[in-house]
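Below: one structure, written as structure tokens.
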Amino acid sequence: MSATSGLPPDARPAALSALERAKSWLLAFALLGISLLLSSSGAASLPLIDRDEPRFAEATREMEQRGEWCVPFFNGAYRLDKPPLIYWLMALSFRIFGVNELGARAPSIFLSALLCLLVFFIGRSLFGLRAGAIASFSLATSLQILIHGRLAVADMPMIVSVALAQWAILRLLEGGKGPWFWILWIALGIGFLAKGPIAWAVPLVTLLLWRLFLWRHPIRWRRLHLLAGSTVMIGIVSLWAIPALLATRGAFWTQGIGEHVFRRGVEAFDGRPHFWGYYLVSSLVSLFPWSAFLGWVVLSLRENFSFRSSFLLAWFLAPFLLFTPYATQLPHYLLPGFPAFFLLLGQAATKTRPRSLGTAVFWSIWGVGLLGGSFAVWATFVRAWDPSYHALRLALWAVGGVFLSLCLLALVAKTVLFGDASSSPRDRPFRIFPFLALGIPVLALAGAFWLLGSSLRTVEPALSLRGFWKDLPGNTVYVAAGYTEPSLVFYSRRQWVLESDESPSGLAFARTEPACFLRLRREIPLKDGFRWLFSGHLPERDLSSASSPHSESDDSWLPAGYVEGFDSARFSWVILELRLRPGAATMPPASGSGVSGEMVTHPK
């Protein structure tokens with residue numbers, strides 16, 4: 001059997017007509033605008049989410065401050081978790097947008113839009129214009145992309161690189177010529193610079209799974225030019241890796257790869273137990289609301305299984321195989337395979353009739369999403385909220401708005417994409433106007449994310465203290481105990497001694513210099529919030545009963561008040577105490593800084 005056995009008849013699609021080209025570019029710009037609108041809404045106001053976002057943003061700031069573009073630093077020490085591509089992109093963004101939230105997030109925002117464009121052109125190439133538009137739109141409006149498409153982390157550059165490499169692999173194996181060789185191997189090199197070996201592992205596992213289990217026909221592997229391509233790929237990585245290894249004396253390998261890749265595979269970094277079904281559940285949430293169309297995707301694969309669809313299925317499943325046995329489990333680890341799911345969804349929407357199985361799966365998953373959104377809204381009305389927590393109430397409205405908007409989007413999409421049971425999908429023309437109805441839930445989504453960002457900004461502890469820190473002397477020593485979130489470093493623009501002990505050894509370094517001491521006095525965890533919602537009881541939070549820190553036994557320390565806010569890393573409400581050594585400040589906190597000398601209050 002030939003290497004292209006089973007290819008669809010349009011493996012070499014004819015040139016588009018002038019009208020089709022115009023429609024294609026109109027759709028491309030519309031999809032680009034939708035992605036940018038959704039990813040940027042609230043991104044400038046939402047405070048950097050602990051712990052990863054402030055680490056990436058601060059490492060970029062320190063790299064620029066040091067003039068060191070090979071090895072990143074955070075809080076004055078090596079940060080060897082990830083290769084440098086995201087730092088380089090953030091540095092460019094900082095120069096355009098400033099050193100702020102939007103500047104940190106702009107690379108991910110633009111790259112998520114680029115990913116949507118890429119998926120559109122892949123889908124158009126593989127299954128036609130309508131399939132490409134559906135694949136791109138569903139990608140842009142899926143929950144995990146809505147979240148990670150705006151975060152200042154390293155995932156989006158890697159995902160774009162993997163998607164481009166996978167498309168190039170498919171085109172080369174189909175006999176494609178021209179630039180596809182260079183696209184493949186340059187994309188893999190850039191992918192490694194974005195997030196390390198995962199950019200190579202996903203295509204490799206895809207090819208193995210596809211050839212050994214899903215498409216057991218001869219493949220002309222020589223079309224990939226593995227030897228020459230590997231030389232190009234390794235050459236790109238070596239331009240950075242060799243100087244970085246020399247500068248760190250091999251630490252970038254032992255820590256960046258050994259610690260943060262291999263060790264995380266055998267030992268969960270957050271101490272959570274390993275659950276084999278974790279990704280089966282988390283993927284349904286991450287892909288929501290489009291996971292509700294999973295039944296139709298399965299039916300489409302059964303009816304239209306081919307060279308291309310089998311490759312896309314292998315691509316989608318590859319991250320599941322890689323990370324299911326991996327000890328550290330996080331929902332966004334599956335993101336490199338998501339473009340394949342949406343391409344399969346695009347194919348299903350153009351080639352599959354509505355069926356009872358698809359409908360049953362749709363209503364089951366859709367109903368769970370509706371319950372989640374309704375619960376978030378219900379929680380804001382079931383109890384009388386203390387004014388101190390008003391921002392969290394608004395944030396819950398926003399979360400409920402996100403889920404309910406996605407549910408509405410799924411209902412409209414079900415009608416537009418799968419609602420006509422009287423005719424074959426192949427006979428249904430592509431109409432623009434029914435798709436305009438999708439704009440209502442899209443605008444609602446944008447509004448919900450704007451509300452989420454503006455509400456959480458008012459209760460970010462590090463932001464509340466920023467006006468106070470700017471008045472402290474330049475030689476002040478900063479020590480934090482109990483509350484050690486990286487946002488302290490980014491928003492203060494200063495180095496900190498961060499320790500979990502209530503009596504930190506870092507205070508020993510502050511004996512002869514002005515110092516600022518911040519410690520966690522009380523924390524209201526999420527479980528207490530649920531207890532309050534269902535029983536109306538919240539444990540008493542009297543700060544006077546808290547154990548005294550080491551600093552209180554030293555008369556040289558002066559109390560400067562309390563600040564309270566939302567810890568996004570632990571999903572808890574925290575109450576922080578601020579103390580100063582004389583010489584660090586002799587004036588009260590600046591107005592509006594969020595610091596209060598009075599005892600904070602709590603809802604009953």
Quick check, are the ring centers of Tyr78 and Phe252 under 6.0 angstrom apart? no
Under 3.5 Å donor-acceptor, Trp88 side chain and Trp69 backbone: yes
If we count only N and O atoms by modelled type, under 3.5 Å, do the side chains of Glu564 and Trp573 hold a donor and an acceptor together? yes
Can you tell which of Leu343, Leu31, Leu32, Leu139 makes a side-chain contact (heavy atoms from CB on, under 4.5 Å) with Phe120? Leu31
Residues Arg55, Glu53; criterion salt bridge (Lys or Arg N to Asp or Glu O under 4.0 Å); working and verdict: CA-CA 5 Å; Arg55 285 173 177 160; Glu53 280 199 293; over 6 Å; no
Apply ring-ring contact (aromatic ring centres under 6.0 Å, His included) to Trp496 and Trp469, showing your working. CA-CA 12 Å; Trp496 283 72; Trp469 287 325; 5.4 Å; yes
Geometric cation-pi criterion Arg466 and Phe468, 6.0 Å radius, 45° cone: no
Apply the test side-chain contact (heavy atoms from CB on, under 4.5 Å) to residues Tyr389 and Leu396: give CA-CA distance (whole Å), side-chain angles for both, the deciding distance (0.1 Å), then the verdict. CA-CA 11 Å; Tyr389 296 95; Leu396 271 178; over 6 Å; no
Hey, could you give me each pair passing ring pair (Phe, Tyr, Trp, His ring centres under 6.0 Å) that has a residue in residues 91-115? Not counting sequence neighbours. none
Ion pair Arg493/Glu58, N-O distance below 4.0 Å: no
Run the numbers on Glu64 and Arg95 for salt bridge (Lys or Arg N to Asp or Glu O under 4.0 Å), then give the verdict. CA-CA 10 Å; Glu64 189 161 19; Arg95 297 196 177 192; 2.9 Å; yes
Taking the side chain as every heavy atom from C-beta outward, state whether Leu224 and Trp180 have any atom pair closer than 4.5 Å. no
Pairwise side-chain contact, Leu48 with Phe56, heavy-atom cut-off 4.5 Å (strictly under): no
Mind running side-chain contact (heavy atoms from CB on, under 4.5 Å) on Leu164 and Ile186 for me, showing each step along the way? CA-CA 10 Å; Leu164 192 57; Ile186 291 174; over 6 Å; no
Centre-to-centre under 6.0 Å for Phe121 and Trp25, is that the case here? yes
So Phe341 and Ser142, do their side chains get closer than 4.5 Å, heavy atoms only? no
Is any side-chain heavy atom of Cys516 less than 4.5 Å from a side-chain heavy atom of Leu578? yes
Hey, are the side chains of Thr206 and Gln166 touching, using non-hydrogen atoms and a 4.5 Å cut-off? yes
Ring centroid separation for Trp450 and Trp397, is it under 6.0 angstrom? no
Would Ser454 and Ser45 count as having a side-chain donor-acceptor pair, cut-off 3.5 Å? no
Return each pair, listed once, that meets salt bridge (charged side-chain N to carboxylate O under 4.0 Å, His left out) where at least one residue sits in residues 136-160; pairs must be two or more places apart or across chains. Asp155-Lys195
Pairs flagged by salt bridge (charged side-chain N to carboxylate O under 4.0 Å, His left out) wherever residues 181-193 is involved - sequence neighbours left out: none
side-chain contact (heavy atoms from CB on, under 4.5 Å) assessment of Ser125 paired with Trp167: CA-CA 10 Å; Ser125 165; Trp167 188 19; 4.0 Å; yes
